[in-house]
Amino acid sequence: MAAAVATSWLFGAAPVRAQVTSEPSAVVFPDPAKFAHGLYTEGEFGGLWFNGPAGSAVGAGFAVGARVGYDIFSFFAVQAHVVGSTHQTQGDSAIAGQLLQMYQGTVEGKLTLRLVQWSFFAEGGLGVARLSSNLLYALRIEQKYRTGFTAGGGGGVDYHFLSRHFSVGLRGGYYVLREVSNSRDGLVTIYLRYTF
């Protein structure tokens, strides 16, 4: 019994030592190689305005759009883009104050330069634009058809969160409208991107 008591006293009295070999870093450096690549979707909102003859007849409007794309390489992607915007006609004409919507759909290519969490990109493509009514035809700004070809492009900046799937960005674009006489439209949006 004395031996058991002595043994337990010796083991119980032995100091426990722990040593920390290194302190964890408070700064997290993301590894871009772990960010998701491939199929992605984007939702955007912002503003769209007209330049040229249509700019004096139609006010700037609120725009909502979406993109679906695929990263073929780390620096190149293909994507489809749709955007719709609502505008009000302006000026001294009889149709001033009327609402007008424009819808654009384009197929685009996108080049990207990635710098850790930041990306800078340029994109461009062609597609179709459609006006919801013939208000601009009454002003002799629109051509014969409400639907016509559009082409253009733009660029922007993207910030990737520490999550491998999500990023946000700001982009701008400029498009030629074939069926709206000598007019173009500009688009600035912010977006949220999810890469699967």
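In this structure, CG on L136 lies 6.5 Å from CD1 on I95, to the nearest 0.5 angstrom. Rounding to the nearest 0.5 Å places CG of D31 at 10.5 Å from CZ of R164. To the nearest 0.5 Å, the span separating CZ on F35 from OG on S74 amounts to 13.5 Å. Residue D71 holds its CG atom at 9.0 Å from CG of L39, rounded to the nearest 0.5 Å.
In this structure, the side chain of R130 does not engage the main chain of Y103 through any donor-acceptor pair within 3.5 Å. A donor-acceptor pair is defined here as one N or O able to donate and one able to accept, closer than 3.5 Å; such a pair exists between the side chain of S183 and the backbone of A54. Of the possible polar contacts, none joining the H165 side chain to the Y194 backbone as a donor-acceptor pair under 3.5 Å is found. The backbone N or O of G97 sits less than 3.5 Å from a side-chain atom of T89, completing a donor-acceptor pair. Remark: side-chain polar atoms of H160 are paired, donor with acceptor, to backbone N or O of F166 under 3.5 angstrom. Although no hydrogens or angles enter the test, the distance criterion places no donor-acceptor pair under 3.5 Å between the side chain of E179 and the main chain of R146.
Considering F76, Y70, F75 as possible partners of F73, the one that fulfils the ring-ring contact (aromatic ring centres under 6.0 Å, His included) test is F75. Checked options E44, E42, R171; the residue passing with T189 is E44 (criterion: side-chain hydrogen bond (donor to acceptor under 3.5 Å, both in side chains)). Shown are V68, L187, V107; of these, the side chain to side chain contact (heavy atoms under 4.5 Å, CB included) with H81 is made only by L187.
Enclosure of atom CZ in F196 by more than 12 non-hydrogen atoms of other residues, nucleotides or ligands within 6.0 angstrom is indicated. By the 6.0 Å contact criterion, CZ on F149 is open, its count of non-hydrogen atoms from other residues, nucleotides or ligands being 12 or less.
The minimum heavy-atom distance between D158 and R193, with the atom names listed, is OD2-CD, 4.4 Å. Scanning both residues, S133 and L100, for their nearest heavy atoms gives OG-CD1, 3.5 Å. The shortest heavy-atom contact between Y175 and T150 is CB-OG1, 3.5 Å. Between T195 and A36, the closest heavy-atom pair is CG2-O, 3.4 Å. Taking each heavy atom of F120 and V157 in turn, the nearest pair found is CE2-CG2, 3.6 Å. Among all heavy-atom pairs drawn from F161 and Q117, the shortest one is C-NE2, 4.0 Å.
No side-chain donor from either of T112 and R114 sits under 3.5 Å from a side-chain acceptor of the other.
Residues Y40 and I190 do not share a hydrophobic cluster, defined by chaining ILVMFWY side chains whose heavy atoms lie under 4.5 Å apart. Hydrophobic cluster membership is shared by F45 and L192, with clusters built from Ile, Leu, Val, Met, Phe, Trp and Tyr side chains linked at under 4.5 angstrom. Both V64 and V168 sit in one connected hydrophobic cluster of ILVMFWY residues. Membership requires side-chain heavy atoms under 4.5 Å apart, directly or through other members. Residues L99 and W49 do not share a hydrophobic cluster, defined by chaining ILVMFWY side chains whose heavy atoms lie under 4.5 Å apart.
The cationic group of R184 does not satisfy the cation-pi geometry with Y174, failing either the under 6.0 Å distance to the six-membered ring centre or the 45° limit from the ring axis.
At least one side-chain heavy atom of V188 sits under 4.5 Å from a side-chain heavy atom of L170. In this structure the side chain of M102 never reaches within 4.5 angstrom of the side chain of V58, judged on heavy atoms. Between R67 and Y191 the shortest side-chain heavy-atom distance does not fall below 4.5 Å.
For R178, the salt bridge (charged side-chain N to carboxylate O under 4.0 Å, His left out) test picks out no residue, with sequence neighbours left out. Legend: residues meeting ring pair (Phe, Tyr, Trp, His ring centres under 6.0 Å) with F121, ordered by chain and number and at least two apart, are absent.
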